[in-house]
Amino acid sequence: MSTGDLFAQDAPCIEIAADVYLLKQFILHDASALITEIEKVFQQAPPRKMLTPGGYSMSAAISNCGNYGWVTDKNGYRYSQQDPLTGKHWPMMPALFKRLASQAAALAGFTDFQPDACLINSYEPGSKMGLHQDKDELDFNQPIVSFSLGLPVTFQFGGKQRNSPKQNIELSHGDVIVWGRQKRLNYHGVLTLKVGEHPVIGARRINLTFRRAR
DNA sequence: TAGTATCG
DNA sequence: CGAC
Ligand SMILES: [Fe+2]
């Protein structure tokens, strides 16, 4: 190996705001392995568009792995151990996911992060995710760790209220963003995914969100 | 309200 | 488009 090679453990962890950390290309070298694992999860728990409590369809297609999966339907948002489509448990969280998510959290100063939930959001051009808070978990001392794969997107990170000022952050294939502590409940979302073709995963973006649900 | 309609 |  040459010293010029960039490995995940060498990726810089930039604090883009208090308690918000960007690890540019942190998972770049693991992207192909991650995608292989994602496709295996999809075979057991195919991505599907879920309904919001208001009855509208989300534009991102959802799957999950781990002990708990985030779901939404007419009854609300919650974590469930079962896939509502099959009634079976969500697929196991791959060890690679846990290891990389915990490593990223540690670089952001969150020691011993052990995610029990991995939400997999699949976006196609035209898909978006409106501003929302991640607040269905029990322990808000635990951070949120988000992996980006595929097409780039503008991530918006706002404040405690929906109308608070927002920061725009471009997230690309291989990037990781981590937030917590005073920002744990801040609003965030992504703008509409633009048309494009990614050489590794085609015309889509896949986001992995790691959380400690319980 | 993890969406949508509407405005600029 | 993106803000509201
Ligand atoms: Fe979120």
Side-chain angles (χ1 to χ4, degrees), chain A residues 16-17 20 38 41-42 45-85 90 93 101 115-140 142-172 175-180 183-197 203-214:
Chain A
I16 59 175
V20 183
I38 290 167
V41 170
F42 284 175
R48 81 298 301 257
K49 293 187 177 188
M50 293 188 179
L51 295 180
T52 66
Y56 294 103
S57 179
M58 293 180 65
S59 60
I62 288 175
S63 181
N64 288 279
C65 61
N67 291 151
Y68 296 93
W70 187 88
V71 298
T72 174
D73 60 23
K74 62 182 178 182
N75 297 315
Y77 309 139
R78 63 195 176 277
Y79 283 94
S80 171
Q81 293 191 283
Q82 282 86 30
D83 180 346
L85 214 54
W90 296 106
M93 196 186 308
D116 60 6
C118 174
L119 170 62
I120 307 175
N121 276 130
S122 298
Y123 299 82
E124 57 188 58
S127 299
K128 60 193 162 59
M129 178 75 69
L131 289 177
H132 66 277
Q133 297 170 293
D134 290 16
K135 59 178 185 184
D136 302 308
E137 303 74 32
L138 283 185
D139 182 3
F140 297 140
Q142 299 296 321
I144 302 294
V145 176
S146 167
F147 291 5
S148 289
L149 294 166
L151 292 174
V153 76
T154 302
F155 177 71
Q156 297 193 310
F157 199 87
K160 307 294 182 207
Q161 298 185 300
R162 187 179 291 274
N163 62 3
S164 302
K166 297 178 286 288
Q167 184 174 0
N168 283 358
I169 302 147
E170 203 66 14
L171 294 180
S172 304
D175 294 349
V176 174
I177 188 160
V178 179
W179 68 93
K183 300 293 169 63
R184 178 59 178 74
L185 293 173
N186 282 36
Y187 277 88
H188 57 278
V190 297
L191 298 184
T192 306
L193 196 74
K194 296 178 165 142
V195 173
E197 189 75 14
R204 59 181 173 153
R205 169 177 187 263
I206 295 178
N207 179 77
L208 304 179
T209 305
F210 296 94
R211 306 184 180 113
R212 186 74 194 188
R214 305 191 145 176

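Lettering follows sequence order; numbering is per chain, from 1.
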Quick check against the 3.5 Å criterion: does [X] have a side-chain atom that pairs as donor or acceptor with the backbone of [Y]?
X	Y	result
R205(A)	E124(A)	no
S59(A)	K128(A)	yes
R162(A)	L131(A)	yes

Review point. If you measure from the P atom in dA2(B) to the same atom in dC7(B), how many Å do you get, rounded?
Key: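 Those two atoms are separated by 23 Å.
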Check your understanding: For atom P, what is the distance between dG8(B) and dT4(B), given to the nearest Å?
Key ->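 It works out to 22 Å between them.
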Exercise for review: Test side-chain contact (heavy atoms from CB on, under 4.5 Å) on F42(A) and I120(A) and set out the steps.
Suggested key: CA-CA 9 Å; F42(A) 284 175; I120(A) 307 175; 3.7 Å; yes
Practice item. State whether the number of non-hydrogen atoms from other residues, nucleotides or ligands found under 6.0 Å of K194(A) atom NZ is greater than 12. Key: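 No, NZ of K194(A) has 12 or fewer neighbouring heavy atoms, counting only those of other groups under 6.0 Å.
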Review point. Would one find more than 12 heavy atoms of other residues, nucleotides or ligands at under 6.0 Å from atom CD of Q82(A)?
Key: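 Counting neighbours around CD of Q82(A), more than 12 heavy atoms of other residues, nucleotides or ligands fall under 6.0 Å, so yes.
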Point to revise | For E137(A), the option from R214(A), R211(A), R78(A) that meets salt bridge (charged side-chain N to carboxylate O under 4.0 Å, His left out) | key: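 Among the candidates, only R211(A) passes.
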Check your understanding: Stems in DNA chain C: runs of 3 or more consecutive Watson-Crick or G-U pairs, distances under 3.5 Å?
Key ->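 Paired runs of 3+ in DNA chain C: B:6-8 with C:1-3.
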Which protein N or O atoms sit under 3.5 Å from an N or O of nucleotides 1-4 of chain C?
| from | atom 1 | to | atom 2 | distance (Å) |
| --- | --- | --- | --- | --- |
| dA3(C) | OP2 | Q156(A) | NE2 | 3.3 |

**Study point:** side chain to side chain donor-acceptor pair (under 3.5 Å) assessment of Y187(A) paired with Q156(A)
**Key:** CA-CA 8 Å; Y187(A) 277 88; Q156(A) 297 193 310; over 6 Å; no
Review point. Should dG3(B) form a Watson-Crick or G-U wobble pair with both distances under 3.5 Å, which nucleotide is its partner?
Key: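 Partner of dG3(B): none.
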Check your understanding: Which nucleotides of nucleotides 1-8 of chain B have their base under 4.0 Å from a protein heavy atom (B), which only their sugar-phosphate (S), and which neither (-), written as one string 5' to 3'?
Key -> BBBS----
Review point. Does one side chain, of W179(A) or N186(A), offer a donor that lies under 3.5 Å from an acceptor on the other?
Key: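 No.
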Check your understanding: Is there a side-chain contact (heavy atoms from CB on, under 4.5 Å) between M129(A) and M58(A) once you walk through the steps?
Key -> CA-CA 8 Å; M129(A) 178 75 69; M58(A) 293 180 65; 3.7 Å; yes
